[in-house]
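The structure appears below as structure tokens.
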Amino acid sequence: MARDNIYQEEEFPSPLVQLWFYFRQSPVVKVGFGCFIFLCLLAIFSPFISPYSPIENHLDSILLPPAWDDNGDVSYLLGTDNLGRDMLSRLIQGTSLTFGLSFIVVIISLVIGVVIGSLAALTKGMKSSFLNHFLDVILSIPSLLMAIVIVAILGPGLSNTLWAIVIVLIPQFIHITRNAVEEEFNKDYVLASRLDGANSLRILYYSIFPNIVEKLISQATLAQSAAILDIATLGFLGLGAPIPMPEWGAMLANGIDLFYIAPWTVYLPGLAILFSVVATNLVGEGMRHALKARKEN
Amino acid sequence: MLLFTLRRFNLFLFTMVLLTILSFSLSFLFPGEQITNISGKINASPESIELIALHYGKHESILSQYWIYLNHLFKGDWGLSMTSQLPILDEIYNHLPATIELTISALFIAMIVGIPIGFIAAINHRKKSDDLILSFAMIGYSIPIFWLGLLAILIFSIQLGWLPSAGQISLLYEIKQITGIQFIDILLSDSPYKWQAFQDASSHILLPSCVVALAPATIFIRLARTSMLNVLETHYIKAAMAKGLTFRQIIYRHAIRNAMVNVIRDVGLQFANLVTLAMVTEVIFSWPGIGRWLIESIYQRDYTAIQGGLLALSCFIFLVHIFTDFVYATLNPLAREKNRGSR
């Protein structure tokens with residue numbers, strides 16, 4: 001007798017593939033993800049696609065409005081600023097500064113936070129309680145104030161502000177890693193591999209990390225939107241990127257004095273920051289929804 | 001409740017110790033001489049530096065130096081500001097009340113606007129209005145605060161001319177500083193133009209506090225929405241429905257109260273974020289608060305001011321944190337039970 005239904009080859013997609021399946025269900029999230037990829041590409045290829053150099057002055061065309069204005073010039077699509085620098089090129093190059101650097105900042109603090117957080121999850125008792133309180137205190141200090149203090153120690157400048165933001169972001173990664181690892185450690189599959197004789201580090205690496213990686217990514221998107229805003233804020237306050245750099249916050253601060261004559265020098269960098277933060281938040285939101293949907297099914 | 005209070009007190013002590021260690025170590029970390037950073041006395045002669053060093057116990061071990069620093073803090077000697085050569089404590093006393101005013105009013109605006117909108121979104125779950133509110137919330141907390149402040153000044157103060165764009169009160173009114181909180185001072189003063197001054201001060205605070213409130217309000221929308229959705233799925237709501245209560249009765253009598261409790265728990269956590277926003281807003285609106293003072297002191301490398309400001313501002317945030325914890329514990333017996341260990 002043919003027993004054709006006894007062995008059916010079923011495909012079990014990995015957690016990440018499942019996540020991707022739920023993630024792409026929502027059209028809004030897909031648009032956000034598209035924008036995110038677009039920004040990433042822009043950040044990588046900005047030196048090749050920007051029409052002019054971001055610090056080149058075109059002294060014969062100062063404060064040109066964008067091309068759709070009557071006085072605009074189509075060779076400067078988004079107009080020029082008070083030193084005749086092309087806004088479009090500056091915005092494109094600013095992507096790699098504000099958006100691209102926020103990406104790097106988040107990755108560095110993610111790695112440091114995950115290492116400290118998982119070590120913290122493995123320790124118990126007094127040390128762990130001390131760490132918990134310590135993190136609470138650090139998290140209760142406003143992020144900008146902390147960044148300002150660190151900038152005061154290191155001195156102003158772009159790389160120093162980046163380190164400051166890395167340090168500011170680390171505690172939340174420690175917090176979330178620690179909680180997630182502790183939660184996973186109480187589950188049965190960890191017990192199973194412990195009974196097989198695996199030590200804690202092996203369990204952490206082979207069993208737990210694959211299961212908490214999405215949580216970390218979703219926290220990373222939150223952290224990235226905070227990092228973009230922090231980099232731009234410090235740039236705006238004149239503590240971040242130095243003057244000629246086309247960092248969006250610094251560009252905006254540069255445009256304030258001309259707000260009434262040349263409003264596009266303020267509108268455009270602000271819109272660029274808003275666009276990148278919304279795109280990042282949409283990706284994060286989609287990720288959290290997908291996580292929830294996967295858990296429910 | 002006693003144990004809860006003790007725990008909070010314990011946490012408060014621990015935090016204070018950590019914060020003072022942080023601000024003490026900052027005097028070593030900042031560029032320049034530690035003794036100048038901690039006392040704020042610049043251009044002192046070698047003899048007076050020697051005196052100050054003795055005063056701060058410079059020649060003793062690091063632990064006793066810290067202990068001496070703590071004694072100084074408790075005696076109210078926080079050093080001098082390096083730029084103005086005024087005592088830091090006086091500077092903080094001049095600037096902190098304005099920040100307290102701004103942040104507290106922004107917090108109230110955020111709660112009053114955000115929480116009801118969040119409840120409405122939850123009641124209309126998965127309908128058009130829910131989506132609309134959520135997308136508004138998304139834009140609201142993505143908007144860079146300095147840009148929003150500039151746009152608000154452009155629209156409401158310059159184009160429409162409705163509200164003033166800078167400062168705390170018009171210079172025409174002379175208000176004596178009694179408590180430091182402007183509104184209380186106005187009410188306490190015996191000026192014949194009390195009410196005009198009051199109106200002027202409220203029109204000054206409206207724009208900056210709305211700018212600060214936008215991002216926290218959107219976070220409250222999301223918190224209130226999630227908490228209301230959770231409450232609406234509980235059994236007691238189903239029981240109330242089975243008894244035949246109308247939807248309105250269920251919402252007003254049962255759901256709102258229980259959903260509010262969970263929102264209040266997170267108010268304290270949002271407060272640090274709100275202070276960050278307020279610091280930037282103070283710069284844009286020339287608000288004479290501690291945030292603007294701190295940012296200016298970093299331009300002028302006034303390290304004593306940064307140390308003192310950090311300590312004062314974090315203390316304030318932590319006190320608000322503990323206060324909301326107490327409100328939460330008073331409102332929610334479950335939080336107290338858990339701390340005692342439920343049997």
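Residue numbering restarts at 1 for every chain, and letters A, B, ... go by the order of the sequence lines. Values below: all heavy atoms of this structure, side chains included; hydrogens, waters and symmetry mates excluded.
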inquiry  = Taking side chain as everything from C-beta outward and backbone as N, CA, C, O, which of these in L29(B) sits under 4.5 Å from a heavy atom of chain A? Side chain, backbone, both or neither.
reply    = both

Tabulate below the donor-acceptor pairs under 3.5 Å that side-chain atoms of residues 229-242 of chain A make, not counting sequence neighbours, or state none.
unit_1  : atom_1 : unit_2  : atom_2 : d
T233(A) : OG1    : L229(A) : O      : 2.5

request  = Under 4.5 Å, heavy atom to heavy atom: which of residues 159-171 of chain A reach chain B? Give them by number, or say none.
outcome  = none

task = Ignoring hydrogens and angles, tell me if any N or O in the side chain of Q300(B) forms a donor-acceptor pair with the backbone of D302(B) under 3.5 Å.
result = no

request  = Would you check if the side chain of W287(B) reaches a backbone N or O of A98(B) as a donor-acceptor pair within less than 3.5 Å?
outcome  = yes

query = In this structure, which one of Q172(A), Q224(A), R288(A) forms a side chain to side chain contact (heavy atoms under 4.5 Å, CB included) with Q219(A)?
reply = Q172(A)

inquiry  = Classify the ring geometry of F36(A) against F33(A): parallel below 30°, tilted from 30° to 60°, perpendicular beyond 60°.
reply    = parallel

message = For a quick test of reading the model, state the closest non-hydrogen atom pair linking S157(B) to L163(B) and the distance between them.
response = CB-O, 3.1 Å

key: Max heavy-atom pair count under 4.5 Å with chain A, selected residue of P31(B), S142(B), P144(B)   = S142(B)

ask   = Less than 6.0 Å separating the ring centroids of Y141(B) and F220(B)?
value = no

key: Interface moiety of L19(B) toward chain A, non-hydrogen atoms closer than 4.5 Å   = side chain

note = On a heavy-atom basis, the closest approach of T265(A) and A262(A) is OG1-O, 2.7 Å

query = Taking the six-membered ring where the residue is Trp, are the ring centres of F99(A) and F38(A) under 6.0 Å apart?
reply = no

inquiry  = Quick check on the interface: out of L252(A), N281(A), I273(A), L282(A), who has the most heavy-atom pairs with chain B under 4.5 Å?
reply    = N281(A)

inquiry  = Using heavy-atom distances under 4.5 Å, tell me whether I143(B) contacts chain A through its side chain, its backbone, both, or neither.
reply    = both

query = For the residue pair A43(A) and S96(A), what are the closest heavy atoms and their distance?
reply = O-CB, 3.2 Å

inquiry  = Taking side chain as everything from C-beta outward and backbone as N, CA, C, O, which of these in L22(B) sits under 4.5 Å from a heavy atom of chain A? Side chain, backbone, both or neither.
reply    = side chain

ask   = Given a strict heavy-atom distance threshold of 4.5 Å, which part of Y267(A) is in contact with chain B: side chain, backbone, both, or neither?
value = both

request  = Verify, without hydrogens or angle tests, whether W248(A) (side chain) and L268(A) (backbone) share a donor-acceptor contact under 3.5 angstrom.
outcome  = no

query = In terms of heavy-atom pairs under 4.5 Å with chain B, which of V151(A), T280(A), V149(A) leads?
reply = V149(A)

key: Side chain, backbone, both or neither of I284(B) within contact of chain A (heavy atoms, under 4.5 Å)   = side chain

ask   = Out of T15(B), I298(B), I317(B), which one racks up the most heavy-atom pairs below 4.5 Å with chain A?
value = I298(B)

request  = Check whether Y299(B) gets within reach of chain A through its side chain, its backbone, both or neither, counting any heavy atom under 4.5 Å.
outcome  = side chain

task = Report the option among L310(B), L150(B), V275(B), L11(B) that has the most heavy-atom pairs separated by less than 4.5 Å from atoms of chain A.
result = L150(B)

task = Measure L26(B) against the heavy atoms of chain A and call it side chain, backbone, both or neither at under 4.5 Å.
result = side chain

query = Which bit of L274(B) is near chain A, if near means a heavy-atom gap under 4.5 Å: side chain, backbone, both or neither?
reply = neither

query = Could you go step by step and tell me if Q307(B) and S27(B) meet the side chain to side chain donor-acceptor pair (under 3.5 Å) rule?
reply = CA-CA 8 Å; Q307(B) 279 173 50; S27(B) 66; 4.8 Å; no

ask   = Do any N or O atoms from the side chain of T98(A) and from the backbone of T95(A) form a donor-acceptor pair under 3.5 angstrom?
value = no

key: Part of I306(B) within contact of chain A (heavy atom distance under 4.5 Å)   = side chain

